[in-house]
*Asks:* 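Got a structure for you, written out below as structure tokens; questions coming shortly.
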Amino acid sequence: STEIEFTLPTMGKVDFKLTDILGKDIINRRIDGNSGLNKYPLSSRYIKPGIYFYSVTYRNKTITRKMIVAARP
């Protein structure tokens, strides 16, 4: 599991999206964000190993990052 961290200038709704390498939506949620640092917990329990992209959208601004889920030992 991991935590996705993002910072907001003010409190508001945030769209969180996780897609696989082919562009298929895995998670698509609207969450409440607070002013300052926010942490969104993400468990890989239900996500297969592979390459994913997550996006955080707040007031028409989107930040997208790559995430790699490794195979479990």
*Asks:* Using side-chain heavy atoms (C-beta onward) and a distance below 4.5 Å, is Leu8 in contact with Asn38?
*Replies:* yes
*Asks:* Does the side chain of Phe16 reach to within under 4.5 Å of the side chain of Ile27, using non-hydrogen atoms?
*Replies:* yes
*Asks:* When you look at Leu18 and Phe53, which way does the side chain to side chain contact (heavy atoms under 4.5 Å, CB included) test go after all the steps?
*Replies:* CA-CA 6 Å; Leu18 179 71; Phe53 296 93; over 6 Å; no
*Asks:* Kindly indicate whether the side chain of Lys17, heavy atoms from C-beta on, has any atom under 4.5 Å from the side chain of Thr62.
*Replies:* no
*Asks:* Using the side chain to side chain contact (heavy atoms under 4.5 Å, CB included) rule, take Met11 and Asp32 through it: C-alpha gap first, then chi angles, then the decisive distance, then the call.
*Replies:* CA-CA 8 Å; Met11 197 171 119; Asp32 293 321; over 6 Å; no
*Asks:* For atom CD1 of Ile63, decide whether the heavy atoms of other residues, nucleotides or ligands shown that lie under 6.0 angstrom number more than 12.
*Replies:* no
*Asks:* Flag the pair Tyr58 / Thr7 as yes when at least one side-chain heavy-atom distance between them is below 4.5 Å, and no otherwise.
*Replies:* no
*Asks:* For the pair Tyr40 and Thr2, evaluate side-chain hydrogen bond (donor to acceptor under 3.5 Å, both in side chains) and give the outcome as yes or no after the intermediate values.
*Replies:* CA-CA 8 Å; Tyr40 182 72; Thr2 190; over 6 Å; no
*Asks:* Ignoring hydrogens and geometry, is there a side-chain-to-backbone donor-acceptor pair from Asp20 to Leu22 under 3.5 Å?
*Replies:*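 Between the backbone of Leu22 and the side chain of Asp20 there is a qualifying donor-acceptor contact (under 3.5 Å).
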*Asks:* When rounded to the nearest 0.5 angstrom, what is the spacing between CZ in Arg30 and OG1 in Thr57?
*Replies:*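 With rounding to 0.5 Å, CZ (Arg30) is 9.5 Å from OG1 (Thr57).
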*Asks:* Taking the side chain as everything from C-beta on, heavy atoms only, tell me whether Arg29 gets closer than 4.5 Å to Val14.
*Replies:*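 Not in contact.
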*Asks:* For Ala70 versus Pro49, what's the shortest heavy-atom pair and its separation?
*Replies:*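 In terms of heavy atoms, the two residues are closest at C-CB, 4.0 Å.
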*Asks:* Test your reading of the model: is there a side-chain donor-acceptor pair from Ser55 to the backbone of Thr64, 3.5 Å cut-off?
*Replies:* no
*Asks:* Show your working on side-chain hydrogen bond (donor to acceptor under 3.5 Å, both in side chains) between Ser1 and Ser43 and close with a plain yes or no.
*Replies:* CA-CA 4 Å; Ser1 66; Ser43 172; 5.8 Å; no
*Asks:* Just how far is it from atom CD1 of Ile21 to atom OH of Tyr52, taken to the nearest 0.5 Å?
*Replies:*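 Ile21 atom CD1 to Tyr52 atom OH measures 10.0 Å (nearest 0.5 Å).
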*Asks:* Please check if Leu42 and Ile31 belong to a single hydrophobic cluster, counting links between Ile, Leu, Val, Met, Phe, Trp and Tyr side chain heavy atoms closer than 4.5 Å.
*Replies:* yes
*Asks:* Quick check: do Leu37 and Glu5 have side-chain heavy atoms less than 4.5 Å from each other?
*Replies:*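 The answer is yes, as the side chains (C-beta and beyond) meet within the 4.5 Å cut-off.
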*Asks:* Within this structure, what is the NZ-CD1 distance for the pair Lys66 and Ile51, rounded to the nearest 0.5 Å?
*Replies:*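 Result: 5.5 Å between the selected atoms.
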*Asks:* Please tell me if the side chains of Lys13 and Asp15 come closer than 4.5 Å, counting only heavy atoms from C-beta onward.
*Replies:*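 No. Closest side-chain heavy atoms not under 4.5 Å.
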